[in-house]
Protein chains: 2
Amino acid sequence: MSESKIRNMEELASVSGISRPTLSKYFNAPDSVRASTRKKIEAALETYDYRPNIYAMNQNRRLTKNIGIVVPFLADPFFAEIARTLEQRCIDAGFRPTLFSSHGLPELETDILDTLLSMRPAGVLLAPLGRASDKEAIERFCEDVPTVLFDSNVEQFGIAFVGSDNFQFTKLMTDYLCRTGEPPSFFEMRTPANPNAHRRRQSYLDAMQKFGHTPQVISVEGEGWQFEEIGRLGGHEALSSGAFNSNSILCSNDRLAIGLMTACYEKGVQVGRTEGCSIRVAGIDGHPFGRYTCPPLTTVSHDYDAVSKTATDTLFSAINGDVSPWKSTRSEGKLIMRDSA
Amino acid sequence: MSESKIRNMEELASVSGISRPTLSKYFNAPDSVRASTRKKIEAALETYDYRPNIYAMNQNRRLTKNIGIVVPFLADPFFAEIARTLEQRCIDAGFRPTLFSSHGLPELETDILDTLLSMRPAGVLLAPLGRASDKEAIERFCEDVPTVLFDSNVEQFGIAFVGSDNFQFTKLMTDYLCRTGEPPSFFEMRTPANPNAHRRRQSYLDAMQKFGHTPQVISVEGEGWQFEEIGRLGGHEALSSGAFNSNSILCSNDRLAIGLMTACYEKGVQVGRTEGCSIRVAGIDGHPFGRYTCPPLTTVSHDYDAVSKTATDTLFSAINGDVSPWKSTRSEGKLIMRDSA
DNA sequence: TCATAAATTTTACGCGCGTAAAATTTAGAT
DNA sequence: ATCTAAATTTTACGCGCGTAAAATTTATGA
């Protein structure tokens with residue numbers, strides 16, 4: 001009943017009859033103390049409501065339980081979703097994830113790495129900005145902190161890369177489009193933020209060649225992460241000038257596709273694969289909102305579970321001391337057939 | 001040249017010729033030391049690359065420089081955007097923001113408050129889940145930590161509430177729809193996650209009465225934060241049964257509107273305000289993707305800047321000791337006229 | 001009952017920095 | 001040159017916990 005708040009482990013030791021070092025051991029690994037001792041501690045914990053001071057803990061621990069999760073652009077639902085999954089896996093494994101978004105800004109990305117450095121995290125899951133990243137800063141960071149890169153690869157930094165197989169994604173969709181209609185043109189940003197874009201273009205070219213079709217790549221201007229707007233403006237221009245050789249358009253990513261579809265709407269061009277439609281539009285990424293575009297967007301979805309599981313498993317085993325050579329894992333995607341193509 | 005890393009403030013003191021307490025003072029407020037001293041410190045800092053241990057700092061400081069930002073659902077671009085703005089303002093003010101998302105889960109929200117408690121933050125910006133929140137947990141939390149609630153209000157907890165004027169939002173849109181076409185029906189979730197929904201319905205009812213029209217509220221079933229899907233399914237049902245008395249539909253929020261528009265598309269119902277369209281759809285929130293729906297969504301946009309500025313200013317002055325009575329601030333929204341209504 | 005290993009307690013030290021009070025130096029003005 | 005207030009240094013203590021080593025207790029089996 002003495003609801004006097006416990007201030008520190010010392011006080012908890014006196015009221016619980018357990019020594020402070022044993023309490024310390026308990027908080028770091030409840031199973032490392034005898035069952036009877038654990039019972040006593042947990043009983044005391046219910047009466048007294050005490051929680052260790054994380055700053056004192058982290059100051060003295062060799063390694064904190066913190067894990068940093070960094071994504072390039074959190075307002076993109078794709079990253080929001082992958083971040084959510086990663087976060088949950090870290091919590092389940094007993095770590096404390098902290099989420100950061102670079103908001104598309106290279107300086108901010110570097111600042112975040114700086115902040116992370118001072119947090120002395122056990123590990124970091126980093127999706128770099130890509131082209132705009134300060135690669136030297138990332139390299140230096142990876143030397144100090146166990147880091148798994150995901151989504152987009154930058155050299156062979158960190159302990160591993162985990163992402164999606166962009167070649168398989170694009171080939172899958174190119175294949176589908178060729179089988180069900182005209183071979184597609186490819187719609188992309190000329191200077192994409194994300195290096196995956198180059199793999200996607202190349203994979204499109206490879207697939208078209210393999211199928212014996214003539215490829216066409218439409219590269220539109222635009223910088224930054226406002227992909228929808230870039231797609232819309234570029235789409236207007238391409239449609240006006242009759243640039244598309246095909247009535248099937250494969251977009252480098254879903255957000256670009258959403259923008260292109262808006263341009264089509266604004267130009268009165270019917271999108272879809274049914275009668276009366278004059279253009280098919282497909283994307284890549286499995287964007288959560290793709291289901292609700294009009295028409296719903298045909299796309300290739302990332303395997304969020306596989307990517308996040310591989311990324312966290314790799315990081316956790318590295319934290320536990322497993323030293324394996326640098327490795328790249330790329331998950332396959334699933335075709336999501338909807339009405340846009 | 002002696003690139004030997006500085007381990008702590010003590011070592012920096014010896015190499016810089018400045019005493020440790022003065023260095024401590026510098027790191028807490030660079031302007032609090034003499035200009036000449038600051039020069040010396042900053043010169044040393046460039047040669048030796050040292051950064052204070054945040055855990056040791058936070059352990060001893062009366063108050064940390066941490067600020068928690070909690071949103072109910074980060075995959076919603078509205079919250080991603082407001083979180084981004086808040087984050088930036090905290091950084092600019094010299095604080096260290098940490099971002100959390102409840103992911104729509106009440107237990108997670110409580111866990112986050114627990115985590116925050118152990119971080120001893122200087123303050124917290126909290127957008128609660130709403131109806132599903134553990135109100136007692138929030139109340140207890142607010143007693144211990146200076147907290148500004150935003151987006152959706154829960155009682156009069158914390159030091160203030162900052163949000164949008166949902167009455168003004170809804171009235172503005174209702175007014176617009178009445179002036180430009182048939183008075184709207186109102187489309188909402190029967191059991192909304194967010195309490196703002198009730199204000200919006202009430203405001204719709206008030207406005208309709210004021211304009212002398214008969215209101216109609218369509219409440220659709222569905223739980224959780226998958227608003228688009230709820231809107232789509234509810235939309236299908238309403239369209240099939242001919243439930244709508246009006247050809248103008250005001251949706252309680254943009255995501256619901258996006259779902260309804262998808263339902264319209266799937267039913268072959270033309271949305272828009274031009275010739276040949278049979279239904280107008282409007283939303284509320286200024287959702288970033290509303291510009292790219294087909295047709296683009298007419299909506300009322302939050303004043304992100306005003307909300308985030310008021311929220312952070314309120315919190316910062318509270319942290320600085322200003323004790324003012326609980327206050328609620330609600331910013332007005334701007335009508336964004338597009339093609340859907 | 002006794003031996004043995006495991007768990008726990010005791011004891012002691014250190015982590016890196018905040019902070020307070022007193023002693024000293026410095027800057028700016030007289 | 002002298003004075004005064006501000007800045008700085010010195011000195012000293014504490015924060016809450018990790019961790020190591022030695023001493024002690026406990027559990028388990030023979």
Side-chain angles (χ1 to χ4, degrees), chain A residues 4-45 48-66 94 96 117-122 319, chain B residues 4-45 48-66 94 96 117-122 319:
Chain A
S4 58
K5 290 277 172 76
I6 299 290
R7 308 186 142 278
N8 55 38
M9 234 179 237
E10 199 75 55
E11 290 187 19
L12 183 65
S14 24
V15 299
S16 67
I18 310 287
S19 74
R20 192 178 64 70
T22 304
L23 289 177
S24 173
K25 216 176 162 196
Y26 167 82
F27 284 112
N28 284 317
D31 289 328
S32 68
V33 304
R34 205 183 299 155
S36 61
T37 315
R38 192 166 61 240
K39 291 277 183 200
K40 281 193 222 162
I41 297 176
E42 277 157 5
L45 240 38
Y48 290 101
D49 166 50
Y50 156 81
R51 120 186 53 232
N53 180 310
I54 54 168
Y55 300 114
M57 283 178 57
N58 286 333
Q59 177 178 18
N60 299 307
R61 228 202 278 271
R62 304 184 186 292
L63 208 57
T64 70
K65 283 284 191 179
N66 297 329
R96 293 183 41 135
L117 218 49
S118 72
M119 288 179 62
R120 300 207 335 261
I319 290 172
Chain B
S4 58
K5 289 278 172 75
I6 298 290
R7 309 186 140 278
N8 54 37
M9 235 181 235
E10 199 77 53
E11 290 187 18
L12 183 65
S14 23
V15 300
S16 68
I18 309 286
S19 75
R20 192 179 64 72
T22 304
L23 289 176
S24 173
K25 215 177 164 197
Y26 166 83
F27 284 113
N28 284 317
D31 289 326
S32 68
V33 304
R34 204 183 300 153
S36 60
T37 314
R38 192 167 60 241
K39 290 278 184 199
K40 281 193 225 164
I41 297 176
E42 277 158 5
L45 241 38
Y48 290 101
D49 165 51
Y50 155 83
R51 121 187 53 235
N53 180 309
I54 54 169
Y55 299 113
M57 283 178 58
N58 286 332
Q59 178 177 16
N60 298 306
R61 230 202 277 271
R62 303 184 186 292
L63 208 56
T64 70
K65 283 284 191 178
N66 297 329
R96 292 182 42 135
L117 219 49
S118 73
M119 288 179 62
R120 299 208 333 261
I319 289 172

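A note on names: the letters A, B, ... follow the listed sequences, proteins ahead of strands, and every chain is numbered from 1.
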Does OP1 or OP2 of dT9(D) have a side-chain N or O of T22(B) closer than 4.0 Å?
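Affirmative; the distance criterion is met.
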Sugar-phosphate or base contact per nucleotide [nucleotides 18-25 of chain C; S, B, -; heavy atom under 4.0 Å]
BBS-----
Evaluate the criterion side chain to side chain contact (heavy atoms under 4.5 Å, CB included) for residue pair Y50(B) and V15(B); output intermediate values, then yes/no.
CA-CA 12 Å; Y50(B) 155 83; V15(B) 300; over 6 Å; no
Considering only residues two or more places apart or on different chains, which pairs with a residue in residues 25-37 of chain B satisfy side-chain hydrogen bond (donor to acceptor under 3.5 Å, both in side chains)?
Y26(B)-E42(B), N28(B)-R61(B)
Output all residues satisfying side-chain hydrogen bond (donor to acceptor under 3.5 Å, both in side chains) with S14(A), sequence neighbours left out; order by chain, then residue number.
none
Atom-to-atom span, [atom1] of [X] to [atom2] of [N] - whole angstrom:
X	N	atom1	atom2	value
E10(B)	dA12(D)	CD	P	14 Å
R7(A)	dG14(D)	CZ	C1'	14 Å
Y55(A)	dC15(D)	OH	P	18 Å
R38(A)	dA6(C)	CZ	C1'	15 Å
I6(A)	dG16(D)	CD1	C1'	14 Å
I18(A)	dT26(D)	CD1	P	12 Å
E11(B)	dC15(C)	CD	P	11 Å
N8(A)	dG16(D)	CG	P	5 Å

Non-neighbouring partners of [X] that pass side chain to side chain contact (heavy atoms under 4.5 Å, CB included), sequence neighbours left out:
X	value
N53(B)	R120(A), Y55(B), A56(B)
R20(A)	M9(A), E10(A), A13(A)
L63(B)	A122(B), I319(B)

Report which part of the nucleic acid T37(B) touches: base, sugar-phosphate, or nothing (heavy-atom distance under 4.0 Å, all strands).
sugar-phosphate
For S36(B), report the nucleic acid contact type (base, sugar-phosphate, nothing); a contact means any heavy atom under 4.0 Å.
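Result for S36(B) = nothing.
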Which atoms form the tightest heavy-atom contact between L12(A) and I6(A), and what is the distance?
N-CG2, 3.7 Å
Which nucleotide sits closest to the side chain of Y50(B): dT8(C), dC17(D), dG16(C)?
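Closest of the options to the side chain of Y50(B): dG16(C).
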